[in-house]
Amino acid sequence: MSKIPLKVSLRRKRLRKVLRTANLHEFLTMIWAANSLVQQRTKAGLKHLQVPPKTVEEITQNRGPVFGWHLESLLNEGLIHSHQKSVSGRCLHCGNWAGFTTAYNALHELSDAESLVDLIDGDIVSAMPRILWSQLQWGVGFPTAQYFYRYWYLYNSSKADEVMRGKYGIGLKKFCWVGFAVFSQSQRSPWLKLKPIPKHGIEAEDLEAFLNVVSKPVNFMRGHARKIRYPRSEKHYTPIDFRKSALRDYPVISQQTPDGTYYCAPIPELICARIAEGLFFDLKGDGGLGNDYGRRFEQYVSDLISFRMSSVLAIEPEYEYRKGMKSPDVLVADDERRLKLVVECKTLNLGMPIRQSPDPWQTHRSYFDAIISGVVQIWRYCEFIQQSGQDKFSKDLSSARGVLMTLHPWFIVDLEKRDAVMVAAESKADEKGISASARIPIGFMHSEDLERTVSLLRPNDFLQAVDEICLPEYREYETRDTWKSLYSKDHEASDIAQFPFGQKLGEIMPWWKQLGD
């Protein structure tokens with residue numbers, strides 16, 4: 001492992017010294033209370049953490065100065081370094097704001113000191129995406145209809161249900177239902193005696209099966225956090241912001257007392273992550289399931305595009321245009337059969353090794369090869385359209401745009417990686433002899449982009465938004481008027497019909513309708 005700068009070493013020691021003065025039970029309660037304030041559950045948080053009124057106002061109204069991603073890091077470090085029993089002498093007062101800020105500031109100072117410690121050749125730009133990868137979902141929020149719909153649509157299949165029953169003794173729908181119920185209860189109090197809810201269809205065996213998967217005792221969690229955050233095999237120093245989180249595996253912590261077993265979800269929102277995107281790790285590698293959820297992602301993309309565009313354009317699925325060769329996944333054409341959008345979907349998982357890397361293009365290049373191939377696939381299909389006189393679409397590709405749609409935000413604020421992908425794709429296209437005229441402009445979009453775009457833009461604006469991610473004149477964000485407007489407050493109160501995520505959730509998870517009823 002490379003030598004750690006003195007400033008980083010000193011701040012690491014400072015954080016550990018602070019956390020060693022904390023009682024773990026009190027520390028978990030403090031994190032729960034601070035997170036409650038961040039999540040606008042002010043009354044609940046203030047029951048367990050004394051906070052000055054002015055600070056409460058800053059946290060709840062300005063969305064600062066406490067952030068979810070730092071709370072998650074602090075929580076993991078606390079699991080490793082705090083004490084389970086009361087310590088004599090100096091101790092961290094976890095019930096007041098001064099105690100919290102002592103620990104939080106120690107982590108924040110370490111985070112700042114480490115920000116440049118592992119950059120490859122000092123390349124700050126390449127490292128920017130991993131900062132946003134760790135922060136993005138915290139900024140958007142976990143328990144949203146869009147978030148649940150995306151992942152439950154992808155994973156909710158009969159095959160997935162069979163896998164879950166075989167592994168855990170609980171079906172996928174029930175697993176998610178129990179998880180949502182535990183999440184809801186965990187917002188009320190930091191420590192709970194979780195009980196079944198028979199009137200809502202959650203029996204004792206359901207709750208037990210769920211907790212066996214997502215909950216572990218305090219001692220296990222301490223060891224697990226240490227093992228995954230500081231593995232003995234670690235060759236390169238990883239900044240604290242990008243280390244794995246034990247709570248992503250087990251968001252609920254159990255503790256035995258003379259009065260029975262109590263459960264704590266210090267950051268309840270991580271239960272939502274576990275029962276949504278976390279399902280990937282329950283289901284991956286099980287007989288053909290990858291292909292199944294890949295096809296469902298294609299349908300998800302088609303459904304969202306159809307919602308906004310079907311009134312003015314025709315949306316069609318992939319088809320075999322030559323023996324053994326399929327078109328891209330979603331094809332959008334006008335009434336003269338001229339292609340407007342050619343969409344290829346990729347469900348590549350943006351795993352922790354990639355999220356941790358300061359430059360995944362160098363360290364995990366193979367993962368980008370599928371994206372590069374997707375771009376070439378779009379161009380190869382467009383060349384067939386140009387050359388064929390008998391295909392279902394017109395040869396006129398003058399207004400066609402290609403979209404490489406990813407499940408995760410691979411290219412967020414990362415023009416350099418996009419450029420590198422396009423250079424590699426051009427090289428491959430040269431090798432395959434694909435004509436320049438078939439190489440339509442290509443843009444990159446991920447699922448959250450798509451959800452927001454189809455919900456808030458009219459058809460013409462949607463096509464403009466695609467232009468802005470495809471065409472050279474919109475390379476700089478400042479020139480992307482449509483994309484900038486997507487995140488303005490004007491759209492929040494717009495009269496444009498939004499995709500009915502909540503209603504669709506009820507079709508996927510029947511128990512979701514009970515919440516509304």
Side-chain angles (χ1 to χ4, degrees), residues 120-121 123 125-130 132-133 280 284 290-291 293-295 297-298 301 318 321-322 324-331 339 341-386 397 400-450 466-472 474-475:
I120 298 175
D121 299 325
D123 190 353
V125 175
S126 291
M128 284 296 293
R130 72 170 179 172
L132 289 174
W133 286 335
F280 174 84
K284 72 170 184 177
N291 291 334
Y293 96 89
R295 286 190 292 270
F297 182 56
E298 294 164 13
V301 171
E318 69 175 7
Y321 65 93
R322 281 181 181 156
M325 297 185 73
K326 290 186 177 181
S327 72
D329 302 310
V330 183
L331 305 166
L339 284 167
L341 299 177
V342 182
V343 184
E344 176 64 16
C345 301
K346 297 296 180 185
T347 53
L348 292 167
N349 184 58
L350 192 59
M352 277 305 297
I354 298 167
R355 292 176 188 246
Q356 289 174 331
S357 174
D359 189 353
W361 181 260
Q362 287 193 39
T363 58
H364 297 83
R365 171 62 189 272
S366 61
Y367 284 82
F368 291 90
D369 288 343
I371 295 174
I372 294 166
S373 296
V375 173
V376 176
Q377 183 180 348
I378 291 173
W379 288 341
R380 185 172 57 189
Y381 172 70
C382 287
E383 182 166 65
F384 167 78
I385 294 294
Q386 283 187 329
L397 297 175
R401 304 287 182 261
V403 177
L404 200 293
M405 188 74 64
T406 58
L407 176 59
H408 297 291
W410 281 78
F411 296 106
I412 187 168
V413 299
D414 200 349
L415 290 173
E416 285 195 352
K417 298 290 189 308
R418 297 184 194 196
D419 290 346
V421 164
M422 294 306 296
V423 168
E426 292 278 4
S427 178
K428 268 198 169 186
D430 289 341
E431 293 174 10
K432 295 180 180 295
I434 298 174
S435 65
S437 61
R439 302 181 196 184
I440 63 174
I442 301 286
F444 299 89
M445 187 180 285
H446 61 89
S447 54
E448 279 186 20
D449 280 345
L450 179 63
V466 173
D467 273 352
E468 290 181 10
I469 61 172
C470 291
L471 302 178
Y474 298 107
R475 176 180 171 83

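The two atoms that bring Ile469 and Phe444 nearest to each other are CD1-O, 3.7 Å, heavy atoms only. Annotation for Ala400 and Pro441: closest pair O-CD, 3.8 Å, computed over non-hydrogen atoms. When all heavy atoms of Pro328 and Val342 are compared, the closest pair comes out as CG-CG1, 3.4 Å. When all heavy atoms of Glu468 and Tyr474 are compared, the closest pair comes out as O-CB, 3.2 Å. Shown here for Trp361 and Val421, the closest heavy-atom pair between the two residues is CZ3-CG2, 3.8 Å.
The pair Asp329-Lys346 does not meet the salt-bridge criterion, since no charged nitrogen lies less than 4.0 angstrom from a carboxylate oxygen. Between Lys417 and Asp359 there is a salt bridge, since at least one side-chain N of the basic residue sits less than 4.0 Å from a carboxylate O of the acidic one.
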>> Asp414 vs Met128, test: side-chain contact (heavy atoms from CB on, under 4.5 Å). Steps then yes/no.
In response: CA-CA 8 Å; Asp414 200 349; Met128 284 296 293; over 6 Å; no
>> With side-chain contact (heavy atoms from CB on, under 4.5 Å) as the criterion, how do Asp449 and His446 come out once you've worked through the C-alpha distance, each side chain's angles and the decisive distance to 0.1 Å?
In response: CA-CA 5 Å; Asp449 280 345; His446 61 89; 3.2 Å; yes
>> For Val343 and Leu331: C-alpha separation, side-chain torsions, deciding distance, then whether side-chain contact (heavy atoms from CB on, under 4.5 Å) applies.
In response: CA-CA 6 Å; Val343 184; Leu331 305 166; over 6 Å; no
> Can Arg439 and Asp430 be said to form a salt bridge (charged side-chain N to carboxylate O under 4.0 Å, His left out), step by step?
Replying inline: CA-CA 11 Å; Arg439 302 181 196 184; Asp430 289 341; 2.7 Å; yes
>> Checking Leu471 against Arg401 for the side-chain contact (heavy atoms from CB on, under 4.5 Å) test, could you report, in this order, the C-alpha distance in whole Å, the side-chain angles of both residues, the deciding distance, and whether it holds?
In response: CA-CA 9 Å; Leu471 302 178; Arg401 304 287 182 261; 3.9 Å; yes
Cut-off 3.5 Å, no hydrogens considered: what does the side-chain donor-acceptor table look like for residues 368-380, sequence neighbours left out?
residue: Ser373; atom: OG; partner: Asp369; partner atom: O; Å: 3.0
residue: Ser373; atom: OG; partner: Lys428; partner atom: NZ; Å: 3.3
residue: Trp379; atom: NE1; partner: Ile440; partner atom: O; Å: 2.9

What donor-acceptor contacts under 3.5 angstrom involve side-chain atoms of residues 402-412, with partners at least two apart or in another chain?
residue: Thr406; atom: OG1; partner: His408; partner atom: O; Å: 2.7
residue: His408; atom: NE2; partner: Asn349; partner atom: OD1; Å: 3.3
residue: Trp410; atom: NE1; partner: Leu348; partner atom: O; Å: 3.4

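At a threshold of 4.5 Å between non-hydrogen side-chain atoms, the residues Val330 and Leu341 do not count as touching. Side chains of Pro360 and Trp133 form a contact here, defined as non-hydrogen atoms less than 4.5 Å apart. Taking 4.5 Å as the limit, every side-chain heavy atom of Ile442 sits out of range of all side-chain heavy atoms of Glu344.
A distance of 7.0 Å separates CD of Gln386 from CD of Glu383, quoted to the nearest 0.5 Å.
At most 12 non-hydrogen atoms from other residues, nucleotides or ligands lie less than 6.0 angstrom from OH of Tyr367.
Using modelled atom types, one side-chain atom of Arg130 and one backbone atom of Gln356 make a donor-acceptor pair closer than 3.5 Å.
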